[in-house]
Novice: 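Got a structure for you, written out below as structure tokens; questions coming shortly.
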Amino acid sequence: MIIVTGANGQLGRAIMERLLQRVPAARLGVSVRDPEQASALAERGVRVRRGVFDDAASLRHAFEGASHVLIVSINSTGEAAVRQHEAALEAARAAGARRVLYTSHMGSNPASRFEPMRDHAATEASLQRSGGAFTSLRNGFYAASALMLLERALETGKLVAPEDGPVSWTEHGDLADAAAIALTDEARLDGLTPPLTAAAALDLAGVAAIASELIGRSITRVTVSDRAFREDMVSHGVPEHRADLLLGMFAASREREFAAVDPTLERLLGRAPMSMRHYLTARLSPPRSALPAGHQVGPASQA
């Protein structure tokens, strides 16, 4: 029995779709906060149970009979996030899971300027201390986050942000494929994985240049100070803690924390991962000037 947490989220749903192509539904289960939202999976024969990271009893029930548990990192930060990841890890071990997998990040680092990366590093340390087999999937930075950063620029023609650095933008679907492979062929990825990234790293000027070509009008990259960017975000209703979190992302990218590229994902998939150009081509076309609502900066959970 393979159990996936967070299967109602974007990454979790994509992973389940890949697993259903590889494994009979009767061998798959999900642990979700709201089982009703996973009713479509239940109708396809997947075991759906309520599992909440701060409710140990619910996790024990959700993980019952598991051989493999994939913990999809939660969309939160700080001590609470690490504590909940550890609770899921403990429940998976108690359920007898042979291997625990976790969706981490290529930038996992206890000294990172970006808080979620410190959380990933702390969770990975717990995985290592747990004593059992594990795989920590060090996913590339979600390409969807670049799309979110472009959202206002598509309307104004200006991509305004602090100084940044190159980022290995990687598509959700490719990372979902990697997770499904890791869950069904445990010999492929063990322990802390290499960065699971696309083949190139781009800064925001590069992203803006591609978007300009695709929509047929110029998007200018405008660099502002951290302070000015923060003040603008707060003035537009962004909570201060969220603004500070985003500034940490820019600070980390300036220090090239997300610049690594690695061939592991391509070798695992047996094909080239989606490039940022192909990703944006699929989502931007003239005369479109705005994006649908719902895009988020994914790094807090990479979920």
Side-chain angles (χ1 to χ4, degrees), residues 10 105-109 112-114 116-117 138-175 178 194-226 228-230 232-233 245-266 269 271-292 295-300 302:
Q10 183 176 358
H105 197 283
M106 63 173 294
S108 174
N109 178 356
S112 176
R113 299 287 299 276
F114 189 34
M117 303 303 102
R138 287 186 156 180
N139 289 339
F141 218 112
Y142 287 161
S145 298
L147 195 60
M148 185 282 297
L149 292 169
L150 273 172
E151 192 168 33
R152 187 194 269 182
L154 293 170
E155 298 176 351
T156 66
K158 295 181 179 180
L159 202 173
V160 181
E163 180 185 354
D164 68 315
V167 174
S168 299
W169 307 109
T170 310
E171 193 254 342
H172 265 89
D174 287 340
L175 296 171
L196 301 175
T197 71
L202 290 174
D203 61 14
L204 288 181
V207 172
I210 293 172
S212 296
E213 293 178 32
L214 294 175
I215 67 173
R217 52 187 172 81
S218 177
I219 295 177
T220 303
R221 171 69 168 99
V222 179
T223 302
V224 298
S225 69
D226 286 8
F229 188 70
R230 185 184 190 278
D232 179 68
M233 283 193 290
L245 187 73
L246 190 54
L247 284 179
M249 183 188 78
F250 286 109
S253 72
R254 288 196 291 267
E255 296 184 10
R256 302 184 66 84
E257 291 188 24
F258 315 125
V261 295
D262 190 278
T264 297
L265 182 60
E266 181 170 356
L269 301 179
R271 58 174 173 79
M274 184 177 289
S275 68
M276 176 55 74
R277 178 174 292 277
H278 287 152
Y279 178 82
L280 292 178
T281 297
R283 288 156 179 83
L284 304 178
S285 59
R288 190 179 183 184
S289 61
L291 297 174
H295 289 293
Q296 298 179 351
V297 175
Q302 284 287 88

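Computation of the quantities below employed the complete heavy-atom set of this structure, encompassing side-chain atoms and omitting hydrogens, waters and symmetry-equivalent molecules.
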Novice: Taking the side chain as every heavy atom from C-beta outward, state whether R283 and L150 have any atom pair closer than 4.5 Å.
Specialist: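 In short, these two side chains do not touch, never coming nearer than 4.5 Å.
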Novice: Rounded to the nearest 0.5 Å, how far does CG of L159 lie from OG1 of T223?
Specialist: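 Here the rounded value is 9.5 Å.
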Novice: Which heavy-atom pair separates V160 from F229 by the least distance, and what is that distance?
Specialist: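 For V160 versus F229, the nearest heavy atoms are O-CE1, 3.3 Å.
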Novice: Does G140 offer a backbone N or O that forms a donor-acceptor pair with the side chain of T197 under 3.5 Å?
Specialist: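 Checking the backbone N and O of G140 against the side chain of T197, no donor-acceptor pair under 3.5 Å is found.
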Novice: For side-chain contact (heavy atoms from CB on, under 4.5 Å), just list the numbers for D174 and R271, CA-CA rounded to whole Å, side-chain angles, deciding distance to a tenth of an Å, and then say yes or no.
Specialist: CA-CA 10 Å; D174 287 340; R271 58 174 173 79; 2.9 Å; yes
Novice: Looking at every non-hydrogen atom in both residues, tell me the closest pair between E266 and P273 and how far apart they are.
Specialist: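 Heavy-atom minimum between the residues: CB-CD, 3.8 Å.
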Novice: How many angstroms lie between CZ in R256 and CG in D203, if you round to the nearest 0.5 Å?
Specialist: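 Going from CZ on R256 over to CG on D203, the span is 9.5 Å.
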Novice: First locate atom CG of L175, then atom CD of Q10, and finally report the distance between them rounded to the nearest 0.5 Å.
Specialist: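 One gets 10.5 Å once the value is rounded to the nearest 0.5 Å.
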Novice: Kindly give the heavy-atom pair with the smallest separation between I219 and S212, and that separation in Å.
Specialist: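 Closest heavy-atom pair between I219 and S212: N-OG, 2.8 Å.
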Novice: Could you tell me if the side chain of L284 sits less than 4.5 Å from the side chain of L147, heavy atoms only?
Specialist: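 L147 reaches L284 side chain to side chain.
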Novice: Looking at side-chain heavy atoms only, is the closest gap between P194 and R138 below 4.5 Å?
Specialist: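 A side-chain contact under 4.5 Å is absent here.
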Novice: Check step by step if salt bridge (charged side-chain N to carboxylate O under 4.0 Å, His left out) holds for D232 and R152.
Specialist: CA-CA 13 Å; D232 179 68; R152 187 194 269 182; 3.1 Å; yes
Novice: Please round to the nearest 0.5 Å and tell me the distance separating atom CG of L280 and atom CD1 of I210.
Specialist: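 Between atom CG of L280 and atom CD1 of I210 there are 6.0 Å.
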Novice: Do you know which two heavy atoms are closest between M106 and A260, and how far apart they sit?
Specialist: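 Residues M106 and A260, closest heavy atoms: CE-O, 3.4 Å.
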Novice: Parallel, tilted or perpendicular for F114 and F141, by the 30°/60° rule?
Specialist: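 Taking F141 first and then F114, their aromatic rings lie parallel (interplane angle under 30°).
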Novice: So, D164 and R221, do they make that salt bridge, N to O below 4.0 Å?
Specialist: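 Yes, this pair counts.
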Novice: Is any side-chain heavy atom of F250 less than 4.5 Å from a side-chain heavy atom of L149?
Specialist: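 Yes - at least one pair of side-chain heavy atoms lies under 4.5 Å apart.
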Novice: Would you indicate whether the side-chain heavy atoms of F258 and P195 approach each other to under 4.5 Å?
Specialist: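 Not touching, per the 4.5 Å side-chain cut-off.
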Novice: With a 4.0 Å cut-off on N to O distance, would you call R113 and E255 a salt bridge?
Specialist: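 Answer for the salt bridge query: yes.
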Novice: Distance from H172 atom NE2 to M274 atom CE, nearest 0.5 Å?
Specialist: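 Reported value, rounded in 0.5 Å steps: 12.5 Å.
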Novice: Provide the closest heavy-atom pair for P162 versus L247 in the form atom of the first, atom of the second, distance.
Specialist: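 The answer is CG-CD2, 3.9 Å.
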Novice: Taking the side chain as every heavy atom from C-beta outward, state whether P116 and L245 have any atom pair closer than 4.5 Å.
Specialist: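 When only atoms from C-beta onward are counted, L245 and P116 do touch, with a gap below 4.5 Å.
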Novice: Hey, are the side chains of L196 and T170 touching, using non-hydrogen atoms and a 4.5 Å cut-off?
Specialist: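 Not touching, per the 4.5 Å side-chain cut-off.
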Novice: Nearest 0.5 angstrom please: L214 CG to L154 CG, how far?
Specialist: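 Rounded to the nearest 0.5 Å, the CG-CG separation comes out at 10.0 Å.
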Novice: Could you pull out the closest heavy-atom pair between A178 and L269, with the gap in Å?
Specialist: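 Closest approach of A178 to L269: N-CD2, 4.1 Å.
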